[in-house]
Amino acid sequence: MKSLKSYTVVLAAIIVTIGTISVHADKSPSTNLNNFINVESAPGQIVNQFHQAFETGDIKTLRSHLADDVLIFEGGVERSAESYASHHMLEDIQYYTGINSTTLEHRVTIGVDLAVSISRSKHVGAYKSEAVNNINFETVILRKVNDKWKITHIHWSS
């Protein structure tokens, strides 16, 4: 029952958080300090380390933060860490090493053994000789596995 309660709390937090994120992504970033909530928490730090690993090309760190059964929605679907590592991870590293990413909002909601990270960032640069200038949306769900936070779901869109 504890697990069901945790899922309910996190689901409610997702609904509240999504409802408060600005739907006008093309506007200038807000200076509202409420746009950065719980980013220093353990799950928030895992997400931040995950992002830094993309920027530095650190495959070992990227892989270490993913649950084996991670589900990633990014244009298509990756249904495991193994599948992601062998298909799109290197492309995503190339993308992030060619752009500058500025986080505009990052909110982390934490339950007993589940956490949700929702963020919005501005991406500017070049990827495959194409100019990049967009707003990216990211939802990350983390689950505590053997007392360590692991990323179990990612949804990226822009």
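Using a 3.5 Å distance cut-off with no hydrogens or angles, the side chains of Lys122 and Asn136 do not pair a donor with an acceptor. For the residue pair Glu78 / Ser83, a side-chain donor-acceptor distance below 3.5 Å is found, with atom types taken as modelled.
In this structure, the side-chain contact (heavy atoms from CB on, under 4.5 Å) partners of Glu74, at least two apart in sequence or on a different chain, are Ile72, Tyr84, His88, Asp92, Trp156. Taking the ring-ring contact (aromatic ring centres under 6.0 Å, His included) definition, one finds that His106 meets it with nothing, sequence neighbours left out.
With Lys128 contributing its side chain and Gln94 its backbone, the two residues share no donor-acceptor pair below 3.5 Å. Here the side chain of His123 pairs no donor or acceptor atom with the backbone of Asn133 at under 3.5 angstrom. Without hydrogens or angle criteria, Asn38 side chain to Val108 main chain gives a donor-acceptor distance under 3.5 Å. Put simply, the side chain of Thr152 gets close to the backbone of Ile141: a donor and an acceptor are under 3.5 Å apart. Side-chain atoms of Asp58 come within 3.5 Å of backbone atoms of Thr61 as a donor-acceptor pair (strictly under, hydrogens ignored). A distance-only check finds no donor-acceptor pair linking the side chain of Glu40 to the backbone of Gln45 [under 3.5 Å].
Residue Asn48 holds its CG atom at 7.0 Å from OG1 of Thr103, rounded to the nearest 0.5 Å. How far CG of Asp113 is from CH2 of Trp149: 6.5 Å, rounded to the nearest 0.5 Å. Rounded to the nearest 0.5 angstrom, Leu104 CG and Asn35 CG are separated by 8.5 Å. One distance of note links CZ of Arg107 with CD1 of Ile37; it measures 4.5 Å at 0.5 Å rounding. In this structure, CZ on Arg120 lies 6.0 Å from CD1 on Ile135, to the nearest 0.5 angstrom. Atom NE2 in His153 sits 12.5 Å away from atom CG in Leu66 (nearest 0.5 Å).
In summary, Asp68 and Arg63 engage in a salt bridge, as defined by a charged side-chain N under 4.0 Å from a carboxylate O.
Ring-centre distance between Phe137 and His155: not below the 6.0 Å cut-off. You'll find the ring centres of His51 and Tyr96 outside the 6.0 Å limit.
Considering all non-hydrogen atoms of both residues, Ala81 and Ala67 come closest at CB-O, 3.6 Å.
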Residue pair Ser119, Glu138: steps toward the side chain to side chain contact (heavy atoms under 4.5 Å, CB included) verdict: CA-CA 5 Å; Ser119 64; Glu138 175 184 82; 3.4 Å; yes
Go through the steps to decide whether Asp69 and Arg143 satisfy the test salt bridge (Lys or Arg N to Asp or Glu O under 4.0 Å), and finish with yes or no. CA-CA 11 Å; Asp69 62 346; Arg143 181 179 69 228; 3.7 Å; yes
Determine, stepwise, if the pair Ile154 / Phe73 fulfils side chain to side chain contact (heavy atoms under 4.5 Å, CB included). CA-CA 6 Å; Ile154 303 171; Phe73 294 158; over 6 Å; no
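Side-chain heavy atoms closer than 4.5 Å link hydrophobic residues (I, L, V, M, F, W, Y) into clusters, and following such links, even through other members, never connects Leu71 to Leu62. Connection of Leu90 to Val132 is established within a shared hydrophobic cluster, with ILVMFWY side chains joined at heavy-atom distances below 4.5 Å, either directly or through further cluster members. Cluster membership check: Ile46 shares its hydrophobic cluster with Ile59, using side-chain heavy-atom separations under 4.5 Å among Ile, Leu, Val, Met, Phe, Trp and Tyr.
Taking 4.5 Å as the limit, some side-chain heavy atom of Val140 sits within range of a side-chain heavy atom of Leu142.
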